[in-house]
Asker: 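Once you've had a glance at the structure underneath, I'll fire off some questions.
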Protein chains: 2
Amino acid sequence: MSNASSAIERFSRYPLGESQSVHCPVRDVLDRIGDKWSMLMIMALAMRPHRFSELHRAVHDISKRMLTQTLRDLERDGLITRHVFPTKPPSVEYRLAPLGLSLLDPMASLVEWADRCHGDIHAARARFDGTPGDVPRQAVPARSKVHKKMA
Amino acid sequence: MSNASSAIERFSRYPLGESQSVHCPVRDVLDRIGDKWSMLMIMALAMRPHRFSELHRAVHDISKRMLTQTLRDLERDGLITRHVFPTKPPSVEYRLAPLGLSLLDPMASLVEWADRCHGDIHAARARFDGTPGDVPRQAVPARSKVHKKMA
DNA sequence: TGGGGTAGGTCTACTATAGAGACCGCCTCC
DNA sequence: GGAGGCGGTCTCTATAGTAGACCTACCCCA
């Protein structure tokens, strides 16, 4: 059912550049979950609800500022929910909303791909980096810097 | 076979934060293809090979600099290949490599999800933006500048 | 004969975004 | 009575992305 040709067929239905993000679901959604931390948050929350500092410990190299912002954005998009418990130091728990839950399946296939192919990717990188300059990028004869616009 | 619980099971095998990117395939790969343009490039190339300026026209709002850089990165990772034809103004064609082809399937499920759910996401956004301040973020008594709401 | 267009880029300046790390009130524990 | 956890916010700086001028080389058109 889900092979490359059906994927291609699907892609062809989306305008990649003619429209703004609002008109392109792909860009709209990818811009959100495609950032550095969102998927990590969702993966963590997929296992169980987490509190703020649990998430901070789980991901460790996210700054609190980005943690707050990422969680806020995910909440705004309805992928996670935020629950405040009126304990003495109020504790906050984040958990996946149904919408976020529905994302797990497509995410899992991506994660699986990443796992399967990251060896190949590293190999390709090593190969690429090991062959520097065998493909000249441009035939420009290094005409030195003409002075640019002097605003 | 691919339901949420299997996804969760899979996620639990990856360390989210304890390791560097090199040790975590998920972060490693997501950092690459999760940027603003990579998936768009791959979607365009999934349909047919493109030349540089065809890609620029297809995506329209990418700068040439980012187009060059994105293509270079994808080439480096072995997802696409670059072919130079020695025509009078040399033309360059980009096409998917097998590795990039193998990414289409997981990407398609993500795109499908995006298409299916972006209505819900927009609704959630509108709901969130429409209810400002009903969830006090912190019990801080409004010291001085409150005129920003985190945006 | 030179003006404009195409091709595949590079270069520089500017700006938006991410990251670091201090700080906050409030609480508990030692 | 100082340390540390809680859930954040604030400011500053470093980094990444953007805009757009520029480049060589070629063609067509008048």
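Just so we're on the same page: letters track the sequence lines, and every chain starts at 1.
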Asker: Report yes if at least one side-chain N or O of B/S53 is closer than 4.0 Å to OP1 or OP2 of C/dG8; otherwise report no.
Answerer: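 Looking at the OP1 and OP2 atoms of C/dG8, one of them is under 4.0 Å from a side-chain N or O of B/S53.
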Asker: Rounded to the nearest Å, what distance is computed from the OH atom of residue A/Y94 to the C1' atom of nucleotide D/dG7?
Answerer: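 Rounding to the nearest Å, OH of A/Y94 and C1' of D/dG7 are 8 Å apart.
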Asker: Does one side chain, of A/D28 or B/H122, offer a donor that lies under 3.5 Å from an acceptor on the other?
Answerer: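 The answer is yes; a qualifying pair exists.
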Asker: Nearest heavy atom decides the nucleotide; on that basis, is B/Q69 or A/L71 closer to the 5' end of DNA chain D?
Answerer: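 Its nearest nucleotide being more 5', the pick is A/L71.
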Asker: If the cut-off is 4.0 Å, is B/S91 near the phosphate of C/dA7, judged by side-chain N/O to OP1 or OP2?
Answerer: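 For B/S91, the contact criterion (side-chain N or O under 4.0 Å from OP1 or OP2 of C/dA7) is not met.
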Asker: Give the rounded distance in Å between these two atoms: CG of A/L67 and P of D/dC6.
Answerer: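 The distance from CG of A/L67 to P of D/dC6 comes to 13 Å, rounded to the nearest Å.
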Asker: In the structure I gave you, are the side-chain heavy atoms of A/I8 and B/M43 within less than 4.5 Å of one another anywhere?
Answerer: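 No, every pair of side-chain atoms sits at 4.5 Å or beyond.
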Asker: Can you tell me how far C1' of D/dG5 sits from CD of A/E54, to the nearest Å?
Answerer: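 In whole Å, D/dG5 C1' lies 13 Å from A/E54 CD.
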Asker: Which atom names give the shortest non-hydrogen contact between B/I62 and B/H56, and what distance separates them?
Answerer: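 Smallest interatomic distance, heavy atoms only, reads O-NE2, 2.9 Å.
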Asker: Indicate, with a heavy-atom threshold strictly under 4.0 Å, whether B/T68 touches base, sugar-phosphate, or nothing.
Answerer: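 The answer is base, as B/T68 lies within the cut-off (heavy atoms under 4.0 Å) of a base atom.
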Asker: Going by atom types only, do B/D35 and B/S38 share a side-chain donor-acceptor pair under 3.5 Å?
Answerer: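 There is such a pair between these side chains.
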Asker: Please pick, from D/dG7, D/dG17, C/dG8, the nucleotide with the shortest atom-to-atom distance to any side-chain atom of B/M66.
Answerer: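 Selected nucleotide (nearest to the side chain): D/dG17.
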Asker: Once you round it to whole Å, what is the distance between P of D/dG4 and CZ of A/F52?
Answerer: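 Rounding to the nearest Å, CZ of A/F52 and P of D/dG4 are 19 Å apart.
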Asker: Can you tell which of C/dA20, C/dA7, D/dG7 lies closest to the side chain of B/R57?
Answerer: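 From the listed options, C/dA7 comes nearest.
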Asker: Looking at A/D61 and B/R27, does any basic side-chain N land under 4.0 Å from a carboxylate oxygen?
Answerer: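 Looking at B/R27 together with A/D61, the answer is yes, because their closest N to O distance falls below 4.0 Å.
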Asker: Of B/P90 and B/R65, whose nearest nucleotide on DNA chain C comes first from the 5' end?
Answerer: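 Nearest nucleotide further toward 5': that of B/P90.
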Asker: Could you check which residues of residues 33-46 of chain A get a heavy atom under 4.0 Å from DNA chain D? Sort them by number, please.
Answerer: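 Contacts with DNA chain D under 4.0 Å: none.
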Asker: Whole-Å distance between D/dG20 C1' and B/D61 CG?
Answerer: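 Computing the B/D61:CG to D/dG20:C1' distance gives 15 Å.
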Asker: Between atom CD1 in B/I62 and atom P in D/dG20, what is the gap in whole Å?
Answerer: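 Spelled out: CD1 on B/I62 to P on D/dG20 is 15 Å.
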Asker: I'd like to know if B/D77 pairs up with B/R72 as an ion pair, taking the criterion as any Lys NZ or Arg NE/NH1/NH2 lying under 4.0 Å from an Asp or Glu carboxylate oxygen.
Answerer: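 Salt bridge flag = no for B/R72 with B/D77.
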Asker: Would you call B/P90 and B/F85 a side-chain contact if the rule is heavy atoms closer than 4.5 Å?
Answerer: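 Counting from C-beta outward, B/P90 and B/F85 never come under 4.5 Å.
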Asker: Which sits closer to the 5' end of DNA chain C, A/P89 or B/K64, going by the nucleotide each is nearest to?
Answerer: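 By nearest-heavy-atom nucleotide position, the 5'-most residue is B/K64.
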